[in-house]
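Some notes on the structure that comes next.
Below, chain A is the first sequence line, B the second, and so on; all start at residue 1. Fair warning: this is a prediction, and the values are worked out from it, not measured in the lab.
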There are 2 protein chains.
Amino acid sequence: MTNDSSAAEFSSAVPKERRGLDPVDRRILELLQADARMPNNAIAAAVGIAPSTCHGRIRALQESGVVRGFHADVDPAATGRGLQAMIAIRLHAHARSNLATFKDYLAQLPGVESIFFVTGDRDFLIHVALSDSEALRDLVAHNISVHPEVAGTNTSVIFEYVSVRRPAG
Amino acid sequence: MTNDSSAAEFSSAVPKERRGLDPVDRRILELLQADARMPNNAIAAAVGIAPSTCHGRIRALQESGVVRGFHADVDPAATGRGLQAMIAIRLHAHARSNLATFKDYLAQLPGVESIFFVTGDRDFLIHVALSDSEALRDLVAHNISVHPEVAGTNTSVIFEYVSVRRPAG
DNA sequence: ACTGAAAATGTCATAGA
DNA sequence: TCTATGACATTTTCAGT
């Protein structure tokens, strides 16, 4: 299993946080991405290590920030927000100094699912999920367009949104 | 199994799938969105119902499709994909009949995190996470732009991506 | 819908490779 | 340092009420 050469000494002494992830770690991550509620011992069996070792690895992955959290994927339509849109926002040139503040403002708006701060002809893209077109119009008209830093917006309705989950490999 | 109280009969006989969500259900959903690994009995205590009842509600929410799954949030940078981008894709007018096929093609490409099928001047927006700019260039040049159905692409690098989690309310 | 018991699971301490 | 085994605490699950 382990070789007895002196080189092995060095490689195993390196802390895990500073190295790349093991194949085993990557496999654990894939399984947890597919199902965050998969039991620890089932994960251990799937990747071929002991449950306690697996538990320690998962804990290390969380504490090192590789795993940022575990979240339920809730259907927006089921909670009364069946209309999704992508709103592109362009800011005035002089307003680009305090982008963090504007980002926090966007995060507080109702229905905002995610925020992309991008290069190119637009500054922000925000993905929103709202009850209906009236709520979308209100959001853009009353909360975004009127903002003094906003130079312009461009709203696209989302017909379909797919979050791609990669299979184990 | 059957109770003899006529009043309780009516209120409990309504199937949960056809009604709107209870305030208790909504609270459970919020907690699970914040932390999918929160223990059932902790959720039950937080929302003020018995663990068995809470467990039944969570199972019903899953089976009715309100909860689509539980997923680990893994930092893309930690798995060697530190460069994120949003690629806008415009299709040829004649190619818009088989959008589902093209969507499946996109979903199979490496690094694709999510796909937005939108209205407006673009047809698709895809959020990708890749190792470096070379991988991004390869993806656009060799896998997207060359596709016969693609009329044009527009790539924006993502400086920051924030997934907004709404607090309990 | 609640309570309590049994089964399954998660967690931690200790020890070996 | 990584891994494995076993004891213990917690949680899930299912019975009855």
Side-chain angles (χ1 to χ4, degrees), chain A residues 1-29 31-64 66-67 69-72, chain B residues 1-29 31-64 66-67 69-73 78:
Chain A
M1 185 171 308
T2 60
N3 58 43
D4 52 1
S5 69
S6 55
E9 197 87 9
F10 287 107
S11 62
S12 64
V14 179
K16 177 173 287 185
E17 289 81 10
R18 305 221 51 179
R19 291 188 316 166
L21 271 46
D22 291 8
V24 173
D25 285 328
R26 292 181 179 275
R27 187 107 177 80
I28 291 172
L29 290 175
L31 292 168
L32 286 174
Q33 277 183 306
D35 180 10
R37 286 204 146 186
M38 187 173 182
N40 176 68
N41 54 18
I43 297 172
V47 304
I49 60 178
S52 63
T53 308
C54 185
H55 182 260
R57 280 176 182 258
I58 293 173
R59 176 171 288 272
L61 289 168
Q62 284 186 263
E63 290 177 352
S64 65
V66 176
V67 173
F70 302 97
H71 306 287
Chain B
M1 186 63 88
T2 63
N3 59 43
D4 50 4
S5 151
S6 54
E9 199 85 12
F10 286 110
S11 61
S12 64
V14 179
K16 180 171 288 184
E17 290 81 10
R18 305 223 47 179
R19 293 187 316 166
L21 271 45
D22 291 9
V24 173
D25 286 328
R26 292 181 180 275
R27 185 109 178 77
I28 291 172
L29 289 175
L31 292 168
L32 285 174
Q33 277 184 304
D35 179 11
R37 286 206 147 184
M38 188 172 181
N40 176 69
N41 57 15
I43 298 172
V47 304
I49 59 177
S52 61
T53 309
C54 186
H55 184 264
R57 280 177 184 257
I58 293 173
R59 177 170 286 274
L61 288 169
Q62 284 186 262
E63 289 177 352
S64 65
V66 175
V67 173
F70 302 97
H71 306 287
D73 176 23

Close side-chain approach of B:Ile58 and B:Val67, heavy atoms under 4.5 Å: no
End axis versus end axis in the helix from C:dA1-D:dT17 to C:dA17-D:dT1, the angle rounded to 10°, five pairs used at each terminus: 30°
Atom-to-atom span, CD1 of A:Ile43 to P of D:dT3 - whole angstrom: 15 Å
Heavy-atom side-chain contact between B:Val24 and B:Ile28 under 4.5 Å: yes
Distance test, side-chain N/O of B:Thr53 to OP1/OP2 of C:dC2, below 4.0 Å: yes
Minimum heavy-atom distance A:Met38-B:Arg37, with the two atoms named: O-NH2, 3.3 Å
CG-OG distance between B:Asp25 and B:Ser64, expressed to the nearest 0.5 angstrom: 8.5 Å
Spacing of A:His71 atom NE2 and B:Leu32 atom CG [to the nearest 0.5 Å]: 11.5 Å
Summary of protein contacts for nucleotides 8-14 of chain C, nucleotide by nucleotide, where a base hit scores B, a sugar-phosphate-only hit scores S (4.0 Å, heavy atoms): -SSSB--
Pairwise distance CG(A:Asp22) to CZ(A:Arg57) - rounded to 0.5 angstrom: 4.5 Å
List, one per line, each side-chain donor-acceptor pair under 3.5 Å for residues 40-48 of chain B, sequence neighbours excluded.
| residue | atom | partner | partner atom | Å |
| --- | --- | --- | --- | --- |
| B:Asn40 | OD1 | B:His55 | N | 3.2 |
| B:Asn40 | ND2 | B:Pro51 | O | 2.9 |

Spacing of A:Leu61 atom CG and A:Arg26 atom CZ [to the nearest 0.5 Å]: 11.0 Å
